[in-house]
Participant: 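Got a structure for you, written out below as structure tokens; questions coming shortly.
All heavy atoms count here, side chains included; hydrogens, waters and symmetry mates do not.
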Amino acid sequence: MSHLRMSFANEATESTNYRLVCKNNSTVPWVFYVYQTLPSQPSDVFSLSWFASPYKLSPGSSITFDWSIDYSFVWGNTGTVTPGVNYQAGGIKPCSLTGPNMTTFSTDDNAPQLSDPVIGGQAGSLTINEASNVPNSTFSTGIGMSGQGSFVQQALTNATQVYTPEPKYWIAAATEMQMGVVLAQNISETAEVQFPNAIYTMYATLNEDQTWTVSQNQPTLNGVFAD
């Protein structure tokens, strides 16, 4: 399994749009997927397979991932959150680092739900308050971006989750992967790439030796990147 980490050199704002164009220049088919990590990510915060190709990309095939920096709160009926669990978001509420940034997750009338976000909590962070009627090890709650879940934790009775998003973005190739799968904490074979200032499209090619080549320049037909 090969992975590529991405971080932004330019200051991204909410609603900023990004694009990652990926090509399989290896000799075997792969599923390509994108996920996020946080600096100094706690062990109880799990990254999700944020986007994933719906099928394996055959050699020479490409896929484009587009996203905007628009945050949301998410919850799901996952049971115990462990790597490999397929997270299906049961609900999603748009939120903002500079506006409504706090919600409450409850199970009133046996109907799990997030409240409409309000302004509160820590400035520049996203806060989820877990109500007293939330059972342990049944649900998960977290945050998403561009309409899809990106990070989750186990929902616990009377707990509080605080996220301060400074995400790093990764592209990965695997023999099997679906959108929403809870990922393991430790990932090897990484390569970092930065979006230069005012550059919002990057290109990544998986090479024959399962390493990645990334550039702001579009590769030629044979997979070679222009200078």
Participant: Taking atom CZ of F105 and atom CH2 of W75, what is their separation to the nearest 0.5 Å?
Facilitator: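 One gets 5.5 Å once the value is rounded to the nearest 0.5 Å.
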Participant: Has the side chain of N101 got a donor or acceptor atom that lies under 3.5 Å from a matching backbone atom of L126?
Facilitator: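 Between the backbone of L126 and the side chain of N101 there is no qualifying donor-acceptor contact (under 3.5 Å).
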Participant: Please step through side-chain hydrogen bond (donor to acceptor under 3.5 Å, both in side chains) for the pair S47 and T37, ending with a clear verdict.
Facilitator: CA-CA 6 Å; S47 299; T37 62; 5.9 Å; no
Participant: Taking the side chain as every heavy atom from C-beta outward, state whether T78 and V85 have any pair of such atoms under 4.5 Å apart.
Facilitator: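 When only atoms from C-beta onward are counted, V85 and T78 do touch, with a gap below 4.5 Å.
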Participant: Main chain of T157, side chain of N136: is a donor-acceptor contact present, judged purely on distance under 3.5 Å?
Facilitator: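 Yes, because the side chain of N136 sits within donor-acceptor range (under 3.5 Å) of the backbone of T157.
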Participant: How long is the straight-line distance from OG of S106 back to CG of N133, given to the nearest 0.5 Å?
Facilitator: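 Answer rounded to 0.5 Å: 5.5 Å.
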Participant: Between S96 and T98, does a side-chain hydrogen bond (donor to acceptor under 3.5 Å, both in side chains) hold up when you go through it step by step?
Facilitator: CA-CA 5 Å; S96 173; T98 58; 3.2 Å; yes
Participant: Is it true that a side-chain atom of E130 and a backbone atom of T104 form a donor plus acceptor pair closer than 3.5 Å?
Facilitator: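 No, the answer is negative, given that no donor and acceptor are paired below the 3.5 Å cut-off.
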Participant: Please name the residue in the list W50, Y55, F65, W212 that meets the ring pair (Phe, Tyr, Trp, His ring centres under 6.0 Å) test with F32.
Facilitator: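 Per the ring pair (Phe, Tyr, Trp, His ring centres under 6.0 Å) rule, the option paired with F32 is W212, out of W50, Y55, F65, W212.
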Participant: Give a yes or no on whether the backbone of V81 and the side-chain of Q153 come within a donor-acceptor separation of less than 3.5 Å.
Facilitator: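 No, because the side chain of Q153 does not come within donor-acceptor range (under 3.5 Å) of the backbone of V81.
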Participant: Could you tell me whether Y33 and W170 have their ring centroids closer than 6.0 angstrom?
Facilitator: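 Ring centres of W170 and Y33 not closer than 6.0 Å.
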Participant: Looking at Q178, is its backbone amide N or carbonyl O close enough to the side chain of S49 to form a donor-acceptor pair, meaning the two atoms are under 3.5 Å apart?
Facilitator: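 Judged by distance alone, yes, a pair lies under 3.5 Å.
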Participant: Under the side chain to side chain contact (heavy atoms under 4.5 Å, CB included) rule, what do V21 and M202 come out as? Steps first, then yes or no, please.
Facilitator: CA-CA 6 Å; V21 183; M202 293 292 288; over 6 Å; no
Participant: Using modelled atom types only, decide if a donor and an acceptor are shared between the side chain of N207 and the backbone of D209 within a distance under 3.5 Å.
Facilitator: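 Side chain of N207 to backbone of D209, a donor-acceptor pair under 3.5 Å: no, none is there.
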Participant: Please answer whether the main-chain N or O of N24 pairs with a side-chain N or O of S26 as donor and acceptor at a distance below 3.5 Å.
Facilitator: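 Absent.
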Participant: Please answer whether the main-chain N or O of E208 pairs with a side-chain N or O of Q210 as donor and acceptor at a distance below 3.5 Å.
Facilitator: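 Yes; judged by distance alone, with no hydrogens or angles, the pair exists.
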Participant: Decide yes or no for V152 and T141: does some side-chain heavy atom of the first lie under 4.5 Å from some side-chain heavy atom of the second?
Facilitator: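 V152 does not reach T141 side chain to side chain.
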Participant: Tabulate below the donor-acceptor pairs under 3.5 Å that side-chain atoms of residues 142-151 make, not counting sequence neighbours, or state none.
Facilitator:
unit_1	atom_1	unit_2	atom_2	d
S146	OG	S68	N	3.2
S150	OG	I143	O	3.1

Participant: Should S125 and T164 be marked as a side-chain hydrogen bond (donor to acceptor under 3.5 Å, both in side chains) after you check the CA-CA gap, both sets of side-chain angles, and the distance that decides it?
Facilitator: CA-CA 4 Å; S125 297; T164 304; 2.7 Å; yes
Participant: Look at the side chain of D109 and the backbone N and O of A111, then say whether any donor-acceptor pair between them is shorter than 3.5 Å.
Facilitator: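 Absent.
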Participant: Could you tell me whether N158 atom CG has more than 12 heavy atoms of other residues or ligands within 6.0 Å of it?
Facilitator: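 Yes, the 6.0 Å shell around CG holds more than 12 heavy atoms from other groups.
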